[in-house]
Structures are given as C-alpha cells and as structure tokens.
Asks: 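Here it is, the structure in full.
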Amino acid sequence: MFKKLGRNDMCWCGSGRKYKLCHMQMDEKILQYKDKGYKIPIRKMIKNQAQLEGIRESGKVNIAVLDYVAEHICSGMPTEDIDQMVAEKTKELGGIAAPLNFEGYPKSVCTSINEEVCHGIPSKDVILQEGDIVNVDVSTIYKDYFSDSSRMFCIGQVSPQKKKLVEDTKKSIEVGLSFVKPWHRIGELGNAIHEFARENGYSVVREIGGHGVGIEFHEDPFVSFVCPKNSGVLLVPGMVFTIEPMINLGRSDIVMDDENGWTVYTEDGMPSAQWEVTVAVTDEGYEIMAY
Ligand code: MF3
Ligand code: CO
C-alpha cells in the first residue's frame with residue numbers, strides 16, 4: 001500500500017522536505033493501526049501544509065458567499081436570485097462556483113426547500129415563501145482548491161416543528177465535529193450523528209453523505225451518517241472532508257427527480273434539513289475550513 005521511502009528521500013506529500021522530517025513518524029503510526037485491523041487512508045487523502053492553506057483560503061470565500069446570501073435571502077425571492085448572488089459574489093472574491101457544469105449541473109448553487117433533501121436547482125419560477133426552510137449549498141474553487149459548506153435558512157415564521165428540525169440538524173453537526181479526532185475511525189462521527197438524530201425522533205438519509213474535498217470537489221472517503229461506530233477509515237491529521245447529514249422529519253427514504261436528474265426529495269413528502277461543514281483533521285482534533 002505504502003511505497004517504502006528512505007529517511008532522506010523527499011516526503012511523498014510534496015512538501016519538499018525529507019521524509020524523516022515530514023510524514024515518516026506519522027506513516028509508522030498509521031501502519032501500527034493497519035496491523036490492528038484498521039482501514040487506513042490512502043496518501044491522496046492526507047493534505048500537506050500548502051494544500052491545507054489553499055483549502056483554508058477557498059473556505060474563506062465559501063463562508064463569505066454564504067454570509068452574503070444570509071444577509072439578503074427573504075420571502076418572495078426566486079431561488080434564481082440566490083444563484084445570481086452566489087455566482088457574482090464568488091467571482092468578485094476571485095473564486096469559481098464549483099457546481100456550475102459539474103457533471104452537467106446547470107447552476108452555481110443548490111437550493112433545496114422543505115421536502116427537497118438536496119440538489120434543488122435554482123429557478124425563476126421557485127419563489128421562497130413565508131414558512132419555508134431552505135438549504136443553500138455553496139461550493140467554491142479558489143486557486144484550484146475546493147471547499148464546500150451549506151446552511152439552512154428559515155423564511156419568515158416557520159412552524160415550530162420545522163424550526164426545531166433546522167436547529168437539531170445544526171446541533172448534529174456539532175455532535176459530529178466533537179468526534180473528529182486523529183487516530184479514531186470516521187464511523188464514530190457518523191454513528192454519533194445518527195444516534196443523536198434518532199434520539200430526537202428523526203431519520204437520516206442513508207444513500208448520500210459527506211466526502212473528501214480539497215484537491216477535487218468530491219474525493220474519497222465517502223462519509224456515512226448511518227454506520228457502525230467501529231467502521232470507516234482511520235482519521236489522520238491532514239485529512240479534509242465534509243460532514244453534511246440530511247435529517248428527515250419523517251422516514252429516511254428518498255426519491256430522485258426523474259425530470260431534472262438532480263433533485264432528491266423525501267419519499268413521504270415530509271421536510272428534510274441539512275447543514276454542511278468542511279473540516280480538517282489536526283494533531284489535536286479538528287479545524288473548520290468552511291461552515
Ligand atoms: N455541494 C454538494 C455536496 O455537498 C454537491 C452538489 S453537486 C452539484 O456534495 F453539482 F449539484 F453541485
Ligand atoms: Co458536500
């Protein structure tokens with residue numbers, strides 16, 4: 001799995017430093033976990049300092065774009081206007097909206113309302129209404145580095161049930177983050193989110209999850225939020241991925257829009273909420289790159 005490097009060879013991570021002064025000790029530790037039966041990350045999943053800095057800068061743009069949306073989103077607004085805000089703000093800050101043309105996706109952002117689970121496509125015909133809950137999912141390319149985060153917005157007065165769903169889904173992110181620790185398995189955070197959601201009476205979407213991010217939009221590993229505690233890849237400093245559970249008020253089953261090929265809905269028509277964070281594993285725990 002790992003090509004054996006000499007102590008004085010250049011490190012595989014691209015830092016330009018000698019292996020012994022860079023990732024050698026970490027690799028030895030990873031191999032100890034491998035011997036204990038852990039699934040270990042491939043090298044591509046572990047970012048070097050320059051890459052982490054690039055993702056951090058990309059994340060700052062992503063956050064600024066979401067902040068801009070947060071200031072302006074309101075009842076009566078067509079979701080097309082959100083798309084325009086995201087496209088323009090991202091450009092103004094020197095970035096590129098990652099969704100546009102990604103695998104044929106037609107817009108710069110995803111806007112998913114009420115029973116839409118994810119990948120809602122902005123449209124001039126979809127008008128935000130008082131009482132809606134909407135996820136705005138922004139992804140940025142900045143100097144070739146990717147970041148990805150999303151927030152929920154409540155439009156005017158929403159029902160107490162929907163408001164609680166939105167708040168609890170945000171809390172589930174905090175629960176997940178508290179399990180982002182090096183030398184633990186990624187399944188611990190997914191399982192903790194699932195447990196939290198179930199305790200509060202919700203279900204969690206099974207088929208869609210988080211992903212590695214940074215050099216590409218979607219990288220390995222897949223991050224499940226319905227998995228056993230002792231499953232998934234070992235978390236190692238330098239890994240960057242998203243935590244983005246989709247939590248449903250009703251049942252977990254989803255259906256795909258067969259006309260646009262993108263939008264995912266709850267099968268029972270009940271509301272769904274999602275927050276998304278891009279997080280890096282550090283020596284001590286985690287660093288939020290975008291939220
Ligand atoms: N931002 C979404 C995610 O969290 C990806 C959407 S793909 C797109 O993974 F093409 F719809 F943008
Ligand atoms: Co994502």
Side-chain angles (χ1 to χ4, degrees), residues 45 47 55 58-59 61-66 69 79-80 82-87 89-91 95-113 116-123 126 134-142 145-153 169-170 172-173 176-177 180 186 189-190 193 204-226 232 239-247 254-265 272-281 286 288-291:
M45 292 181 195
K47 274 59 180 174
I55 300 166
S58 175
V61 174
N62 216 68
I63 289 169
V65 171
L66 272 167
V69 170
T79 51
E80 175 91 35
I82 300 174
D83 188 66
Q84 202 181 331
M85 282 195 276
V86 169
K89 196 73 191 170
T90 306
K91 200 169 165 211
I96 299 168
L100 187 63
N101 301 320
F102 173 76
E103 294 181 359
Y105 187 77
K107 295 286 177 178
S108 296
V109 65
C110 299
T111 50
S112 308
I113 303 172
E116 293 176 350
V117 170
C118 64
H119 305 166
I121 302 177
S123 161
V126 176
V134 55
N135 173 275
V136 178
D137 190 342
V138 172
S139 318
T140 299
I141 313 171
Y142 181 73
Y145 291 103
F146 288 78
S147 57
D148 188 7
S149 64
S150 79
R151 301 181 195 164
M152 294 297 296
F153 298 99
T169 304
K170 183 164 190 191
S172 84
I173 297 281
L177 285 170
V180 181
I186 205 165
L189 77 93
I193 287 174
V204 179
V205 171
R206 318 184 74 86
E207 298 86 344
I208 317 169
H211 50 91
V213 63
I215 309 302
E216 293 166 61
F217 195 171
H218 293 133
E219 303 175 12
D220 285 335
F222 174 73
V223 185
S224 174
F225 308 108
V226 282
M239 287 171 71
V240 183
F241 56 88
T242 70
I243 302 177
E244 50 174 317
M246 284 140 271
I247 297 188
I254 54 173
V255 288
M256 158 84 92
D257 189 314
D258 49 18
E259 267 163 45
N260 72 27
W262 280 101
T263 310
V264 175
Y265 306 85
S272 180
Q274 177 180 33
W275 291 76
E276 175 176 20
V277 60
T278 294
V279 66
V281 182
Y286 66 86
I288 290 174
M289 302 295 222
Y291 195 12

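This chain uses plain numbering: 1 for the first residue, then up along the sequence. We count ligands from 1, going down the list as the structure has it; atoms in each ligand are counted the same way. The structure presented is a predicted model; accordingly, all values stated were derived computationally and were not measured.
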Asks: For ligand 1, which atoms, with element, lie under 4.0 Å from some heavy atom of Glu276?
Replies: 4 (O)
Asks: Counting non-hydrogen protein atoms only, what is the nearest one to atom 7 (S) of ligand 1? Give residue, atom name and distance.
Replies: Phe102 CD2, 3.9 Å
Asks: Are Glu80 and Lys107 close enough for a salt bridge, meaning some N to O gap below 4.0 Å?
Replies: yes
Asks: What is the minimum heavy-atom distance between Ile55 and Gly214, and which atoms define it?
Replies: CD1-CA, 3.6 Å
Asks: What part of Cys110 sits under 4.0 Å from ligand 1 if we count only heavy atoms: the side chain, the backbone, both or neither?
Replies: side chain
Asks: Hey, does Trp275 have a side-chain heavy atom less than 4.5 Å from the side chain of Arg151?
Replies: yes
Asks: What protein heavy atom sits nearest atom 12 (F) of ligand 1, and how far away is it?
Replies: Pro99 CB, 3.1 Å
Asks: Would you mind checking which non-hydrogen protein atom is closest to atom 6 (C) of ligand 1, with the distance to 0.1 Å?
Replies: His119 NE2, 3.5 Å
Asks: What is the minimum heavy-atom distance between Ile186 and Pro221, and which atoms define it?
Replies: CD1-CG, 4.1 Å
Asks: Strictly under 2.8 Å, how many protein N, O or S atoms lie near the Co ion (ligand 2)? Waters don't count.
Replies: 4
Asks: Could you tell me if any non-hydrogen atom of His218 lies under 4.0 Å from any atom of ligand 1?
Replies: yes
Asks: Would you check if the distance from the ring center of Phe102 to the ring center of His218 is below 6.0 Å?
Replies: yes
Asks: Hey, which atoms in ligand 1 end up nearer than 4.0 Å to a heavy atom of Ser139?
Replies: 1 (N)
Asks: With Asn260, which residues qualify under side chain to side chain contact (heavy atoms under 4.5 Å, CB included), at least two apart?
Replies: Ile121, Asp257, Trp262, Thr263
Asks: Suppose we screen for side chain to side chain contact (heavy atoms under 4.5 Å, CB included). Which residues come up paired with Leu100, at least two apart in sequence or across chains?
Replies: Ser108
Asks: Can you see which heavy atom on Ala280 is nearest to which on Val240, and at what distance?
Replies: CB-CG2, 4.0 Å
Asks: For His211, is the nearest heavy atom under 4.0 Å from an atom of ligand 1?
Replies: yes
Asks: Between atom CZ of Phe241 and atom CD of Glu219, what is the distance when rounded to the nearest 0.5 Å?
Replies: 12.5 Å
Asks: What pairs with Phe222 under ring pair (Phe, Tyr, Trp, His ring centres under 6.0 Å), at least two apart in sequence or on another chain?
Replies: none
Asks: Students should be able to answer this: which protein heavy-atom is nearest to atom 4 (O) of ligand 1, and at what distance?
Replies: Glu244 OE1, 2.8 Å
Asks: Under 3.5 Å, is there a donor on one side chain and an acceptor on the other for Ser139 and Asp148?
Replies: yes
Asks: Which residue and atom name correspond to the protein heavy atom nearest atom 3 (C) of ligand 1, and how close is it?
Replies: Asp148 OD2, 3.3 Å
Asks: What is the nearest protein non-hydrogen atom to atom 2 (C) of ligand 1, stated with its residue, atom name and distance?
Replies: Asp137 OD2, 3.3 Å
